[in-house]
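Whatever order the structure lists them in is the order used to number ligands and atoms, beginning at 1.
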Amino acid sequence: MPEIHICEVGPRDGLQNAKHLMPTEAKKAWIRALADAGLREIEVGSFVPPKLIPAMADTCEIVQAAVKIKGLKVVALAPNLKGFQRAIEAGAHKVTFPVSASRAHSLANVRMTPEEMVEEVRKCARHPHPGVAIEGAVSTAFGCTMQGVVPDDDVVRIAAALAEFCDGVALADTVGYANPAQVKRLFGRVKEKIGEKLEGAHFHNTRGLGLANALAAYEEGVRHFDSSMGGLGGCPFAPGASGNVITEDLVFMFEAMGLSTGIDLEHLFAAREILAKGIPEEPIYGHTPLAGLPKGFGAHA
Ligand SMILES: [Zn+2]
């Protein structure tokens, strides 16, 4: 088993924020290439109304294709019971529910307070879902473009509520406000409260701190990370900034430290070419693919 577990969220988080649409067949080819590179978990889409996010309109078809890939855990996002039911029907192995810790962000996005959204997820957890894991992701956990500061106490409270009925809980820096000191403090506090239920870290690279934050979370005991190939999707609030923490650089960091990810970097670069071909208009980022691997680099994969 790899020491570090990486979930590729580019097909969901990246494409959802991209300015251009990626054709369904290109998505399927990219997901296959990601799995070939050794990614064992991929968030492939979101069961939101297609009118709201046209880039996710083909999520059902994408899930159905992805579950045919041997050994791949297929994750989808759902905002409510209807989305959850669609995810289960399509065959997703795991469903992530975002719950914003920012009141302002939650009201604007889902017209519910964070507490009401927690109850929505509780309702989903009560709905029969044999073999499907549920993750509660506390989004805007490190700050919010609408509200500014998000109090740690709010994050701890929401994470604790989600831990009552979710299989795992993640903390997400949705808008790229986090810094490493804050990451250590908040992951430490939430872990104290919910222990092993705290699983994942989801960082954005908006201000270039994605890797630093991932390392800080690692030092707090986190072993599950979300990232996106090429930092796909950018940031609507920061022109020129990449989206999620970049998979290629995250894998390189951990492998260079001697920590296995199970991912082969050369194959990952090949998957990046398939991504670039599938959505050629969209900028993609990343230092490691541009610089290449250092001479004598001994990957653990
Ligand atoms: Zn995100």
Donor-acceptor list for residues 155-171 side chains, cut-off 3.5 Å, not counting sequence neighbours:
from: R157; atom 1: NH1; to: D154; atom 2: OD1; distance (Å): 3.2
from: R157; atom 1: NH2; to: E115; atom 2: OE2; distance (Å): 3.0
from: E164; atom 1: OE1; to: R122; atom 2: NH1; distance (Å): 3.1
from: D167; atom 1: OD2; to: I134; atom 2: N; distance (Å): 2.7

*Which protein N, O or S atoms does the Zn ion (ligand 1) have within a distance shorter than 2.8 Å?*
D13 OD2, H202 NE2, H204 NE2
*How long is the span from the CG atom in L39 to the CD1 atom in I263, to the nearest 0.5 Å?*
4.0 Å
*With distance as the sole test, does E248 use its side chain to make a donor-acceptor pair with the main-chain N or O of G230 at under 3.5 Å?*
yes
*asked:* Please check this pair: side chain of R207 against backbone of G176, looking for a donor-acceptor N/O pair closer than 3.5 Å.
replied: yes
*Applying salt bridge (Lys or Arg N to Asp or Glu O under 4.0 Å), name anything that partners D249, two or more places apart in sequence or on another chain.*
none
*Go through the structure and list residues passing side chain to side chain donor-acceptor pair (under 3.5 Å) with E282, not counting sequence neighbours.*
H20
